[in-house]
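What follows is a single structure, written as structure tokens, with notes after it.
Bear in mind the structure is a predicted one, so any value in this text is a computation, not a measurement. For this chain, numbers begin at 1 and follow the sequence in order.
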Amino acid sequence: VPFRLPERDPCPYCENFVGRYAWHGPPATVFEDDEVFVFLAPAPMGGMPGHLLVTTRRHAPTIFDLRPDEIGKLFGAVADGARALRTRFDPDGIVIQQNNGAGGFQTVPHIHVHVIPKTAEAPIPPATEVPVVPNDERVALAEQLRAVWPV
Ligand SMILES: [Zn+2]
């Protein structure tokens, strides 16, 4: 099977960046600058709140499409996110996952890194479908994480 991207047109992350949102509302932003964007996953997978998605503002589909400077910025934000989650939640563990290609579990064709705080018991992926957290709860959680963001 050849390497192929998941089919999502238009790209939901690029849609967010221009103010068009999916049914679950605008992203709950935890950190953003000119190059990277960090927000809460609508449905957290780790058996606890705080699952972050770290992405680039530029539409880069996979790890193969990043410039060296973007690699540094993206993974700097991943580390900052992990620190913020540890400060706020003291999870049993933090899983960092980045999927490339439909065969590699990628579902959005715009690079993103999952930073997933988890309980020791929670299976990844979850054993059952995880419900979407209401937007107002996600916004409140994002504020708490911004308050402890390490930069
Ligand atoms: Zn995109």
More than 12 foreign heavy atoms under 6.0 Å from [atom1] of [X]: is that the case here?
X	atom1	answer
D69	CG	yes
Y21	OH	yes
R86	CZ	no

Which pair of heavy atoms, one from [X] and one from [Y], lies closest together, and at what distance?
X	Y	result
Q106	T62	OE1-CG2, 3.7 Å
M48	P44	O-CB, 3.6 Å
P49	L141	CB-CD2, 3.7 Å
V113	L74	CG2-CD2, 3.9 Å
N99	G104	CB-O, 3.0 Å

**OP:** Please answer: with hydrophobic residues joined when any side-chain heavy atoms are less than 4.5 Å apart, are F75 and V54 in the same cluster?
**Re:**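 Same cluster.
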Original post:
Mind checking whether I71 and F31 sit in one hydrophobic cluster, side chains of I, L, V, M, F, W, Y counted as touching below 4.5 Å?
Top reply: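 Linked, I71 and F31 end up in one cluster.
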Original post:
Can you tell which of V30, V78, T55 makes a side-chain contact (heavy atoms from CB on, under 4.5 Å) with V38?
Top reply: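 Option passing the side-chain contact (heavy atoms from CB on, under 4.5 Å) with V38: V30.
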Subject >> Result of checking T29, T87, L52 against L145 for side-chain contact (heavy atoms from CB on, under 4.5 Å) >> reply: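 Among T29, T87, L52, the one meeting side-chain contact (heavy atoms from CB on, under 4.5 Å) with L145 is L52.
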Subject >> H114 ring center near H112 ring center (under 6.0 Å) >> reply: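 H114 vs H112: aromatic centres under 6.0 Å.
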**OP:** Could you walk me through whether E70 and R58 pass salt bridge (Lys or Arg N to Asp or Glu O under 4.0 Å), step by step?
**Re:** CA-CA 9 Å; E70 289 174 320; R58 186 175 73 86; 2.8 Å; yes
**OP:** Assess whether salt bridge (Lys or Arg N to Asp or Glu O under 4.0 Å) is satisfied between K73 and D33, documenting all intermediate values.
**Re:** CA-CA 10 Å; K73 290 283 296 193; D33 65 14; 2.7 Å; yes
